[in-house]
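These notes concern the structure reproduced below.
Remember, it's a predicted structure, so these values are computed and weren't measured experimentally. The chains referred to below are lettered A, B, ... by the order of the sequence lines, with proteins before strands, and numbering in each begins at 1. These values consider heavy atoms only, across backbone and side chains, with no hydrogens, waters or symmetry-generated copies.
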There are 2 protein chains.
Amino acid sequence: MARPRTPLLSRERIVAAALRLIDDEGLDALSTRRLATELSVSGPSLYNHFATKDDLLDAVVDSVIGEVDLSMFGTAAGAAGDAGAAGALGAAGVAGRTGSAWPQALRDWARSYRAALAAHPNIVPVLAQGPGRRPNALRLADAVFGHLVESGWPRGQATRIGALMRYFVTGSALASFAAGFPADAEVYDAADYPHLGEAHRLAGHRGTVDEGAFETGLEALLDGLALRYARLAERP
Amino acid sequence: MARPRTPLLSRERIVAAALRLIDDEGLDALSTRRLATELSVSGPSLYNHFATKDDLLDAVVDSVIGEVDLSMFGTAAGAAGDAGAAGALGAAGVAGRTGSAWPQALRDWARSYRAALAAHPNIVPVLAQGPGRRPNALRLADAVFGHLVESGWPRGQATRIGALMRYFVTGSALASFAAGFPADAEVYDAADYPHLGEAHRLAGHRGTVDEGAFETGLEALLDGLALRYARLAERP
DNA sequence: ACCTGAACACCGTTCAAGT
DNA sequence: ACCTGAACACCGTTCAAGT
């Protein structure tokens with residue numbers, strides 16, 4: 001058949017099929033040949049749309065990050081030509097932002113971030129490698145950092161908060177804590193693991209355990225950060 | 001040559017070589033054939049010592065977790081025959097434990113946990129899937145949970161704290177936050193990412209940025225948890 | 001028991017060939 | 001420009017054969 005009049009494939013169709021395959025059968029199940037079969041084309045066809053499998057994975061990852069809500073950080077300040085100079089110093093608090101709104105923004109963002117990632121846990125190891133050159137990942141980093149700085153956090157601290165939030169969110173989305181414990185009670189020999197007598201019941205409560213742990217950790221983190229934010233005002 | 005008088009391989013030698021390969025070249029570089037070459041044997045030889053590649057990976061992962069210090073949780077209480085019954089209710093605080101020692105234990109453990117994992121970041125995605133049936137991972141979960149319960153945390157909360165600590169530690173060890181940002185300044189177009197003008201310098205400060213973020217997050221978490229621990233006493 | 005080579009069904013990627 | 005089949009150097013794993 002060679003080249004059809006209307007293309008059989010598109011980057012979007014390939015990315016969607018790849019994500020479905022990764023979600024359903026894991027990262028290892030994504031092979032270019034298998035994916036091509038799923039799309040009813042031959043293996044090498046994919047190379048008309050992506051240079052390598054890694055390039056394809058990058059696109060899949062960025063499509064997932066694109067689902068994260070960033071609206072709580074406000075639309076980009078200064079969409080006009082002077083946007084580049086806005087990040088320096090004077091912007092802190094001037095735009096009528098109260099400053100103490102950052103915990104709620106961080107909370108909302110973290111929940112959306114986790115929801116987007118937890119919907120596709122098998123791809124989290126790839127995405128956790130950092131933004132690289134992926135636009136949605138860079139936009140996310142820009143929005144969080146910008147919001148924290150504009151809320152009065154020193155730049156160094158804002159960087160650390162962006163990092164530690166990513167640690168927590170990616171860690172929570174990477175795999176279910178509860179489901180990591182086999183449901184087979186015989187695993188937990190009381191002589192070896194005296195406190196895990198009930199651990200075999202964890203997997204059955206997977207959703208509530210993981211959700212509860214995430215919420216507890218998120219609130220604890222925000223409380224701890226609020227303590228440090230208050231100290232900023234004391235000794236400027 | 002067939003079977004040699006003294007075996008060429010052992011599980012220990014295979015695990016050590018596999019970990020070295022994963023550390024040096026990544027998880028994808030670990031193939032049974034490549035590993036066999038590294039060990040100067042033919043590919044199928046490995047199957048005399050491990051049933052599958054996944055079994056081998058399990059052993060590698062557990063050897064890494066075995067490096068985590070658990071001594072801050074104390075040696076197993078009740079090494080005698082009645083160990084199984086100790087996890088119930090009455091043990092809280094009775095053994096002379098002050099209760100408020102748990103934050104320091106958690107801090108020391110988290111640091112050791114992170115150090116062990118961050119030394120082998122490429123294997124963290126595998127290990128983050130949970131303990132499964134790996135003895136060192138189960139021992140770790142048992143020690144943390146047991147310590148928290150004996151410190152007075154309700155079992156449900158202790159589970160959540162074990163989970164959220166794993167989220168944070170695995171997330172921090174999975175990949176460097178700083179190194180995830182390309183060192184190429186041209187990536188950060190001011191029109192697209194107004195606040196990332198200095199992001200190209202992050203990778204150069206990789207160690208301090210990630211260490212600082214981990215320490216900030218750890219202390220914030222511990223502060224937030226201490227707040228909740230104090231509330232336990234107020235309304236029992 | 002522990003190693004080998006041969007074999008099977010897979011991979012990612014390149015390339016010449018087709019329209 | 002976009003798809004194909006053939007080909008290359010790889011995979012994980014099985015198995016019969018050797019000692």
Side-chain angles (χ1 to χ4, degrees), chain A residues 1-62 122-123 125-127 129 132 134, chain B residues 1-62 122-123 125-127 129 132 134:
Chain A
M1 67 175 56
R3 177 159 106 98
R5 285 173 288 96
T6 164
L8 298 176
L9 296 175
S10 69
R11 285 174 67 97
E12 291 68 29
R13 246 176 49 81
I14 296 171
V15 165
L19 184 56
R20 208 178 317 122
L21 197 47
I22 291 168
D23 285 344
D24 292 349
E25 308 188 31
L27 201 53
D28 289 343
L30 180 75
S31 74
T32 56
R33 292 163 189 260
R34 170 74 189 281
L35 177 58
T37 303
E38 218 82 31
L39 290 161
S40 305
V41 296
S42 84
S45 302
L46 301 173
Y47 289 84
N48 287 296
H49 303 268
F50 293 97
T52 64
K53 184 184 173 183
D54 272 350
D55 267 23
L56 163 57
L57 258 183
D58 250 23
V60 173
V61 163
D62 215 38
N122 295 334
I123 210 174
V126 184
L127 144 175
Q129 297 305 308
R134 290 179 276 103
Chain B
M1 68 172 57
R3 176 159 108 99
R5 283 174 288 95
T6 163
L8 298 176
L9 297 174
S10 69
R11 286 176 64 98
E12 290 69 28
R13 247 176 48 80
I14 296 171
V15 165
L19 184 56
R20 208 178 317 122
L21 197 47
I22 291 168
D23 285 344
D24 292 349
E25 309 189 30
L27 201 54
D28 289 343
L30 179 75
S31 74
T32 56
R33 290 163 192 259
R34 170 76 190 280
L35 178 59
T37 303
E38 218 82 31
L39 290 162
S40 306
V41 296
S42 82
S45 301
L46 301 173
Y47 290 84
N48 286 296
H49 303 269
F50 294 98
T52 65
K53 184 184 173 182
D54 272 350
D55 267 23
L56 163 57
L57 259 183
D58 250 24
V60 174
V61 163
D62 216 38
N122 295 333
I123 209 173
V126 184
L127 143 177
Q129 299 304 311
R134 290 178 275 104

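- Listed by residue number, B:Leu30, B:Ser31, B:Thr32 are the residues of residues 15-32 of chain B with a heavy-atom contact under 4.0 Å to DNA chain D.
- Comparing atom distances between the A:Leu9 side chain and each of D:dC2, D:dC11, D:dC3 picks out D:dC3 as nearest.
- Whole-Å rounding puts the A:Arg3 CZ to D:dC2 C1' distance at 6 Å.
- When Watson-Crick and G-U wobble pairs are counted only if both distances are under 3.5 Å, D:dC10 pairs with no nucleotide at all.
- Across the protein-nucleic acid pair, A:Glu38 atom CD and C:dC11 atom P stand 11 Å apart, rounded to whole Å.
- With sequence neighbours excluded, no residue forms a side-chain hydrogen bond (donor to acceptor under 3.5 Å, both in side chains) with A:Asp55.
- Within the 4.5 Å cutoff, no side-chain heavy atoms of B:Val126 are placed close to those of B:Val60.
- One N or O on the side chain of A:Asn48 and one on the backbone of A:Ser45 form a donor-acceptor pair closer than 3.5 Å.
- The B:Arg33 side chain lies nearest to D:dT13 when the options are C:dT4, D:dT13, D:dT19.
- When side chains are defined from C-beta on, B:Ile14 counts as touching B:Leu56, because their heavy atoms get closer than 4.5 Å.
- Summarising the base pairing, C:dA16 is matched to D:dT4 through a Watson-Crick or G-U wobble pair whose two defining distances lie under 3.5 Å.
- Going from atom CG of A:Asp28 over to atom CG of A:Leu21 covers 11.0 Å, rounded to the nearest 0.5 Å.
- B:Thr32 places none of its side-chain heavy atoms less than 4.5 Å from the side chain of B:Phe50.
- As a whole-Å value, the separation of B:Leu8 CG from C:dT4 P is 6 Å.
- Among A:Ile22, A:Leu30, A:Asp24, the single residue meeting the side chain to side chain contact (heavy atoms under 4.5 Å, CB included) criterion with A:Asn122 is A:Ile22.
- Look at CG on A:Leu56: it is 15 Å from C1' on C:dC11, rounded to the nearest Å.
- Taken residue by residue, residues 42-55 of chain A places heavy atoms nearer than 4.0 Å to DNA chain C at A:Pro44, A:Tyr47, A:Thr52, A:Lys53.
- To the nearest 0.5 Å, atom NZ of residue A:Lys53 and atom CG of residue A:Leu46 are 11.0 Å apart.
- At least one side-chain heavy atom of B:Leu57 sits less than 4.5 Å from a side-chain heavy atom of B:Leu27.
- As rounded to whole Å, 15 Å separates atom C1' of D:dC2 from atom CZ of A:Arg11.
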